Amino acid sequence: MNLTETSKAIQQGDVYLGIELGSTRIKAVLIDDDFNTIAAGNYAWENKFENGMWTYSLEDVWKGIQSSYLQVAADVESRYHTKLASIRSIGVSAMMHGYLPFSKNDELLTPFRTWRNNTTGQAAHDLTERFQFNIPERWSIAHLYQAILDEEEHVREVDFITTLAGYVHWQLSGEKVLGVGDASGMFPIDDSGTYSDKHVKLFENLENVAQYDWNLLDILPNVLQAGDQAGTLTEAGAKLLDINGNLQAGSIMAPPEGDAGTGMVSTNSVRKRTGNISVGTSAFSMLVLDKPLQKVYKDIDLVTTPNNEPVAMVHTNNCSSDINAWSSIFKEFAERLGINLDEGRLFEILFHSTTRSEPDAGGLINYSYLSGENITKMPEGRPLFVRDVNSSFTLANFFLTQLYAAFAPLKIGMDILINEEKIETNVLIAQGGLFKTPVIAQQVLSNALNIPITVMKTASEGGAWGMAVLAAYAKQGNKEISLEDFLDQYVFTDPQSSTLSPEPAGVEGYEQFITKYKAGLPVESAAIEHI
């Protein structure tokens, strides 16, 4: 569309809005019928560690959403000289999992417990054993059951539990629903696309669950699939989203989804034998299965695509946060020298320094654990850098170690799927901020997994855009065309991407690194115990 056509589309409300609440940024993206981004806004935020829990306040949730939307509206008015008053459909996505319990009076009973908490180990273990289905620590049902085991008073008052995306959608539409992909991070889903009746009965027959007045299905959100319409934007929701009061009610609402689902959509990875990797504060890979796994793995989650195809998920709690922390030290040092570097240039310099590194990163080891890590069984975070007297301690090796460490837990989990389950994919697409600097992180990831990695042009900005695409699909509906075909035929007609294959020297170097990394895990455990 040209400027005039886009302005007319906005005036007619022929646009779609996607909102995603990520771990470090809330973003809103407005797209047109051709799926082009026509306006965007974002808000930086950080989780807080309060009273032993990683959390975000609901006040910050709305502050961030409203700020992002105001930026979108201002962007529209500045570029297209018209007000944003009508939106055809809207979708909300957010960090998956976690725990938001509400009372009958719609009061939040505990602060939001995020995916980052490693406080539900006993519950996750017990439920996994009982279900014979892996229940990770970050899943909502693990949080609920741990609260039961801990005899927390608030459990008796629970009337509704949901995820962050489900909460925001509820406030905008009045509907207590969830997309199947996000719901599959709350409780196991069966082939019909709803909560598994078998596992619901197993849970409710637990002796310490029977004492409560509520039934599990009554307190969980209803499950919808991509293409379903999940209510409409209410008058109150419109005022909550647009504090200037210009936005009209009535927009179709797409089923709210998790960031894993939007990652699959934004990389066109919802078809069987496709997969994607998203990296940021955390990292996860999603491989769409064409056959069941042979057994239960505690490091592999079984979730779904937004249209209920089975997915094997490897989720790590830590990825790029330690890189950001070390980069801030280099930025501060540059400033002491009178050199001001913007973030993009700083990362470019540090990433490109690795071109002079040794394949094994000089024997340096780093553990990027700002929080606990399920894959390596670490209950808490202790960022740790280790070298011995024979290590080659250079800037190039040091920063390569940071990249190596960011992908290490993911590598350990992926090895289960590749080596033990012999999972094969036709394509593996990566997205996330680490890929803003071309080639470097992409090649490291390819070497680490020994798999070709594709990065699309939109690699650093996928989630909110992916949710906007799901909002467009909700308007069209899934009765006429499948989500897979919709993405192929209408959205990704001419994708711009690059693919890098593993380098033999880099593969061997990473294997040397990961061997030392695994051997040094007791050092990380000792740091947690003693520091």
Side-chain angles (χ1 to χ4, degrees), residues 1-20 27-42 65-93 169 172-173 226-235 237-257 262 265-266 268 456-458 461-481 483 485-496:
M1 290 185 182
N2 59 36
L3 191 66
T4 301
E5 291 172 335
T6 301
S7 179
K8 183 178 179 181
I10 294 169
Q11 292 172 25
Q12 295 175 342
D14 294 336
V15 289
Y16 312 91
L17 180 68
I19 300 170
E20 181 155 283
K27 187 169 185 182
V29 167
L30 193 71
I31 65 173
D32 60 21
D33 276 323
D34 294 325
F35 310 101
N36 297 311
T37 298
I38 56 179
N42 67 84
I65 290 174
Q66 291 164 353
S67 176
S68 299
Y69 182 85
L70 286 178
Q71 291 176 49
V72 169
D75 197 8
V76 164
E77 192 160 359
S78 173
R79 295 169 63 185
Y80 307 106
H81 311 295
T82 186
K83 288 188 181 298
L84 181 59
S86 177
I87 298 172
R88 186 179 290 174
S89 56
I90 298 172
V92 178
S93 65
H169 180 95
L172 296 180
S173 68
D228 290 337
Q229 294 185 6
T232 59
L233 182 68
T234 63
E235 292 283 354
K239 293 177 181 178
L240 189 57
L241 186 57
D242 179 11
I243 59 176
N244 285 337
N246 295 319
L247 181 61
Q248 301 170 11
S251 303
I252 291 169
M253 297 293 295
E257 265 299 347
T262 58
V265 170
S266 64
N268 194 16
M456 292 184 171
K457 184 180 179 181
T458 56
E461 302 296 348
W465 179 82
M467 193 63 240
V469 170
L470 284 173
Y473 185 57
K475 171 60 179 174
Q476 178 159 333
N478 61 3
K479 306 303 180 185
E480 299 178 9
I481 187 171
L483 179 59
D485 289 343
F486 177 78
L487 295 176
D488 282 343
Q489 296 177 23
Y490 296 103
V491 182
F492 293 96
T493 55
D494 185 26
Q496 299 181 44

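In this text, all values refer to a predicted model and were calculated from it rather than measured experimentally.
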Report yes if some heavy atom in the side chain of [X] is under 4.5 Å from a heavy atom in the side chain of [Y]; otherwise report no.
X: Val491; Y: Trp465; result: yes
X: Val92; Y: Met467; result: no
X: Leu241; Y: Ile65; result: yes
X: Tyr16; Y: Val29; result: no
X: Val469; Y: Phe486; result: yes
X: Leu487; Y: Leu483; result: yes

**Message:** If we check side chain to side chain contact (heavy atoms under 4.5 Å, CB included) with Ile90, which of these qualifies: Leu17, Val15, Ile252, Leu30?
**Reply:**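 Only match with Ile90 under side chain to side chain contact (heavy atoms under 4.5 Å, CB included): Leu17.
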**Asked** With respect to Ile10, which candidate in Ile87, Asp32, Leu84 satisfies the side chain to side chain contact (heavy atoms under 4.5 Å, CB included) definition?
**Response**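 One option only clears the test, and that one is Leu84.
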**Request:** Calculate, to the nearest 0.5 Å, the distance between atoms CG and CE belonging to Asp228 and Met253 respectively.
**Result:**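 The distance works out to 14.0 Å.
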**Item:** N/O donor-acceptor pair under 3.5 Å between Ser266 side chain and Thr262 backbone
**Value:**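 Pair found, side chain donor or acceptor close to backbone of Thr262.
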**Item:** Check ion pair Lys27-Glu20 (N to O, under 4.0 angstrom)
**Value:**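 So Lys27 does not pair with Glu20 through a salt bridge.
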**Request:** Indicate yes or no: does Asp33 engage Arg88 in a salt bridge with an N to O separation below 4.0 Å.
**Result:**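 The answer is yes: the pair qualifies as a salt bridge.
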**Flag for Ser7-Gln11: side-chain donor and acceptor within less than 3.5 Å** =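 Their side chains do contain a donor-acceptor pair, which is all the 3.5 Å distance test asks for.
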**Request:** Take Phe492 and Met456 through the side chain to side chain contact (heavy atoms under 4.5 Å, CB included) test and state the conclusion after the steps.
**Result:** CA-CA 11 Å; Phe492 293 96; Met456 292 184 171; 3.9 Å; yes
**Asked** Shortest non-hydrogen contact from Ile38 to Arg79?
**Response**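 Answer, listing the atom of Ile38 first, then Arg79: O-NH1, 3.1 Å.
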